[in-house]
Amino acid sequence: MTKQILNLIADQMSLLIMINEPENHAVTFLSQSAEWLFGIKRETISCAEDLFKQLGLYEKYPEVQKFCRESVKYTLAFEHAVMLKGKTEQVWIMVRMAPGEDGENILLIQDVTMLHKGLQQSQQDPER
């Protein structure tokens, strides 16, 4: 896929997409949505570790550290609450790490805060 198509998909789905090389784990693609969705300056990200450290995930998840060091063999997903710069409330993110066709690692991060707010609302108001 072209970078333009990947950016369009990321923008339409409120999703961050990152692809990194299997050999040196350098970022080969980081969607424009990283900036407007999560406040991450793309020029500050040279590898996956940079991104995960800005989100506060690197030290917390061994799977994330493994993603930064080697090629991913299978898809892994988890949710995590983060405090982003400039935000007053925590944001829930869904992190998905997957292998690509040519050995590259693919990372998808989606803001799922609204899903969590909906769940909290339905638990507070059981008659709905």
(request) Determine, stepwise, if the pair Ile93 / Val82 fulfils side-chain contact (heavy atoms from CB on, under 4.5 Å). (result) CA-CA 7 Å; Ile93 56 174; Val82 296; 4.2 Å; yes
(request) Determine, step by step, whether Ile109 and Leu15 satisfy the side-chain contact (heavy atoms from CB on, under 4.5 Å) criterion, reporting the C-alpha distance in whole Å, the side-chain angles of both residues, the deciding distance to 0.1 Å, and the verdict. (result) CA-CA 6 Å; Ile109 301 179; Leu15 178 71; 5.9 Å; no
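With a 4.5 Å cut-off on side-chain heavy atoms, Leu108 and Leu16 do not count as touching. Residues Val95 and Leu107 have side chains in contact (heavy-atom distance under 4.5 Å, counting atoms from C-beta outward). At least one side-chain heavy atom of Gln32 sits less than 4.5 Å from a side-chain heavy atom of Asp11. No side-chain heavy atom of Trp92 sits under 4.5 Å from any side-chain heavy atom of Leu115.
In the hydrophobic cluster analysis, where Ile, Leu, Val, Met, Phe, Trp and Tyr join through side-chain heavy atoms closer than 4.5 angstrom, Leu84 is grouped together with Leu51. Linking Ile, Leu, Val, Met, Phe, Trp and Tyr whenever their side-chain heavy atoms come within less than 4.5 Å leaves Val112 and Leu55 in two separate clusters. Hydrophobic clustering of Ile, Leu, Val, Met, Phe, Trp and Tyr side chains at less than 4.5 Å, counting indirect connections, keeps Met94 apart from Leu37. The cluster map of Ile, Leu, Val, Met, Phe, Trp and Tyr, joined by side-chain heavy atoms under 4.5 Å apart, puts Val72 and Ile17 in different clusters. Both Leu6 and Met13 are members of a single hydrophobic cluster when ILVMFWY side chains are connected at heavy-atom separations under 4.5 Å.
Listed by first then second residue, pairs satisfying side-chain hydrogen bond (donor to acceptor under 3.5 Å, both in side chains) with a partner in residues 55-75 read Tyr61-His80, not counting sequence neighbours. Residue pairs meeting the salt bridge (Lys or Arg N to Asp or Glu O under 4.0 Å) criterion with at least one partner in residues 44-54, sequence neighbours excluded, are Glu49-Lys53. Residue pairs satisfying the salt bridge (Lys or Arg N to Asp or Glu O under 4.0 Å) criterion with at least one member in residues 88-99, sequence neighbours excluded, are listed as follows: Glu89-Lys117. Among pairs with a residue in residues 4-51, none fulfils ring pair (Phe, Tyr, Trp, His ring centres under 6.0 Å), at least two apart in sequence or across chains.
From Gln110, atom CD reaches atom OG of Ser33 across 10.5 Å, with rounding to the nearest 0.5 Å. Between the OG atom of Ser46 and the CG atom of Asn20 there is a distance of 10.5 Å, given to the nearest 0.5 Å. Between the CD atom in Glu21 and the SG atom in Cys47 there is a gap of 11.5 Å [rounded to 0.5 Å]. Considering CG of Leu57 and CZ of Phe78, their distance stands at 5.0 Å, rounded to 0.5 Å.
Side-chain N or O atoms of Arg42 include one that pairs as donor or acceptor with a backbone N or O of Leu30 at under 3.5 Å. Side-chain atoms of Ser31 never come within 3.5 Å of backbone atoms of Asn7 as a donor-acceptor pair (strictly under, hydrogens ignored). For the pair Thr113 (side chain) and Val91 (backbone), a donor-acceptor distance under 3.5 Å is absent.
A 6.0 Å sphere centred on CE of Met83 holds more than 12 heavy atoms belonging to other residues, nucleotides or ligands.
In terms of the side-chain contact (heavy atoms from CB on, under 4.5 Å) criterion, residue partners of Asp102 (sequence neighbours excluded) are, by chain and number, Glu104. For the side-chain contact (heavy atoms from CB on, under 4.5 Å) test, residues two or more places apart in sequence or in another chain that qualify with Gln4 are Thr2.
Gln54 and Thr44 share a side-chain donor-acceptor pair at under 3.5 Å.
Of all heavy-atom pairs between Val27 and Ala48, the closest is CG2-N, 4.1 Å.
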